[in-house]
Amino acid sequence: MHTRRAMLAIAFIFFAGFAHAEIPKLRIAVLKFGTVNWLMDTIIRHGLDGKEGYSLEVIGLAGKPATTIAFQSGDADMMVTDWVWALRQREKGADLGFAAYSVALGALMTRGDVDGLCDLKGRRVGIVGGEFDKSWLVLQALARKDCGFELVAETEALFGAPPLMSKQLQTGEVDAVSTFWHWAAKMEAAGNTRLVGVTDALAALGISPAPSLIGFVWDRTRSKAETVAAFLRSVRAAQARLAADDSEWEVLRPRMKPKDDKAFVTLRDHFRAGLPGPWGTADTKAAGLLHRLLIDNAPPAFREQAGVFDEALFAAP
């Protein structure tokens with residue numbers, strides 16, 4: 001009897017271990033301090049990955065080049081990046097897929113002493129993300145249309161990281177800053193003025209709805225479609241929690257590192273406003289229009305990096 005029980009126990013341990021080993025793992029490379037961690041934390045904290053039959057591993061890295069290397073080397077199954085980069089990789093032969101993470105876009109911020117985009121002529125503008133930053137390219141296109149001048153030629157552009165540009169706006173070293181959505185939210189909470197939102201700029205340029213630029217990217221040849229689909233279901237479940245429950249945000253507050261309560265609420269509300277709905281035909285069409293806008297208005301060096309627009313990138317896994 002004892003021998004039989006021992007054999008049953010061994011068999012149970014063996015099959016339990018086998019079942020556990022069979023649970024697929026999805027490794028996602030993210031910026032260590034990126035806002036996507038708020039979403040990943042929510043998935044893991046509530047076990048939403050396990051409920052969908054997979055195990056999520058978040059690989060936090062210091063910069064975008066590191067996340068790209070991790071993804072392309074196979075050390076990560078997925079990364080968060082923009083679809084312009086993904087299109088270029090598809091053009092090179094990679095079979096990548098894309099699913100929207102957020103529709104929140106950047107903004108041009110001021111201290112309140114600039115009357116409008118056309119008032120930037122002769123002023124100093126801080127740019128976050130480099131000369132090929134998509135928000136900066138969109139703002140250039142809008143200035144060309146509405147103001148009749150080239151922002152690059154008629155302003156003094158200074159490039160730098162978000163904290164530096166934010167500080168330089170406060171000290172008056174620059175008159176406006178084009179920055180990422182979450183930094184724009186922080187600056188807004190600190191009393192700065194949103195001169196032009198990129199979403200509004202796109203609408204003025206005839207592109208609506210404003211398509212998500214940033215999303216989850218995976219290689220269809222490496223990742224099983226059912227695992228990616230399970231991950232995206234857990235993402236939607238986490239987004240639903242963050243949209244509806246303020247207590248979820250109290251848990252995330254230490255990671256968000258807001259300066260004060262106003263910054264905390266502003267970040268939360270802008271994140272919620274950027275939660276994407278289901279990607280549809282209108283989004284793909286808008287992405288195509290934005291891609292053409294960027295190609296038509298960017299320097300040749302950017303065009304070489306932008307790839308050919310391919311609707312297959314946005315197909316469901």
Side-chain angles (χ1 to χ4, degrees), residues 19-60 67 71 76-83 86 96-105 181-182 185 209-220 222-256 258 264-284 313-317:
H20 179 74
E22 286 296 296
I23 296 176
K25 178 182 287 188
L26 190 146
R27 304 161 300 167
I28 182 168
V30 301
L31 295 178
K32 189 178 297 184
F33 303 109
T35 61
V36 70
N37 288 287
W38 308 348
L39 192 58
M40 298 299 101
D41 283 6
T42 305
I43 291 173
I44 292 171
R45 186 169 67 254
H46 291 287
L48 300 176
D49 53 343
K51 291 177 182 177
E52 290 293 345
Y54 78 99
S55 175
L56 178 63
E57 179 184 344
V58 180
I59 305 171
T67 63
F71 174 71
D77 307 302
M78 185 177 281
M79 67 180 292
V80 177
T81 190
D82 61 79
W83 47 255
L96 302 189
F98 173 94
Y101 157 59
S102 174
V103 296
L105 296 173
W181 77 262
H182 51 296
S212 172
L213 262 173
I214 303 296
F216 304 104
V217 171
W218 66 95
D219 189 324
R220 298 180 193 274
R222 295 199 325 243
S223 297
K224 292 183 177 180
E226 53 266 32
T227 304
V228 175
F231 168 76
L232 295 177
R233 288 195 298 270
S234 67
V235 165
R236 290 191 289 271
Q239 289 171 333
R241 287 177 177 271
L242 293 173
D245 190 347
D246 287 352
S247 67
E248 293 287 346
W249 291 92
E250 293 299 334
V251 179
L252 293 172
R253 185 169 182 146
R255 182 182 275 278
M256 294 165 67
F264 169 69
V265 171
T266 304
L267 281 168
R268 181 197 69 194
D269 291 351
H270 277 281
F271 184 94
R272 283 173 164 172
L275 292 173
W279 186 279
T281 303
D283 299 285
T284 302
L313 173 68
F314 305 99

Side chains of [X] and [Y]: does their closest heavy-atom pair fall under 4.5 Å?
X      : Y      : result
Phe271 : Leu267 : no
Leu56  : Ser234 : no
Phe231 : Trp218 : no
Leu232 : Arg236 : yes
Pro276 : Gln239 : yes
His46  : Glu248 : yes
Thr67  : Leu31  : yes
Phe71  : Leu96  : yes

Heavy-atom closest contact ([X] atom, [Y] atom, distance):
X      : Y      : result
Ser212 : Val103 : CB-CG1, 3.9 Å
Ser223 : Val228 : CB-CG2, 3.8 Å
Phe98  : Asp82  : CE1-C, 4.5 Å
Thr266 : Ala185 : CG2-O, 3.4 Å
Leu242 : Trp249 : O-NE1, 2.8 Å

Heavy-atom donor-acceptor pair, [X] side chain to [Y] backbone, under 3.5 Å:
X      : Y      : answer
Ser102 : Gly274 : yes
Tyr54  : Leu26  : no
Asn37  : Gly34  : yes
Arg222 : Ala76  : yes
Arg220 : Ala225 : no

Is the Trp181 ring parallel, tilted or perpendicular to the His270 ring (thresholds 30°, 60°)?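 Taking His270 first and then Trp181, their aromatic rings sit tilted (interplane angle of 30° to 60°).
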Ion pair Asp77/Lys25, N-O distance below 4.0 Å: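 Answer for the salt bridge query: no.
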What's the spacing between [X] [atom1] and [Y] [atom2] if we round to 0.5 Å?
X      : Y      : atom1 : atom2 : value
Thr35  : Met40  : OG1   : CE    : 10.0 Å
Leu252 : Trp38  : CG    : CH2   : 8.0 Å
Asp269 : Phe264 : CG    : CZ    : 9.5 Å

Any chance you could lay out the side-chain contact (heavy atoms from CB on, under 4.5 Å) test for Val36 and Ile214, step after step, and finish with the verdict? CA-CA 10 Å; Val36 70; Ile214 303 296; over 6 Å; no
Which one of Val80, Ile59, Ile43, Val217 satisfies the side chain to side chain contact (heavy atoms under 4.5 Å, CB included) criterion with Ile28?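 It is Val80, the one option of Val80, Ile59, Ile43, Val217 that forms the side chain to side chain contact (heavy atoms under 4.5 Å, CB included) with Ile28.
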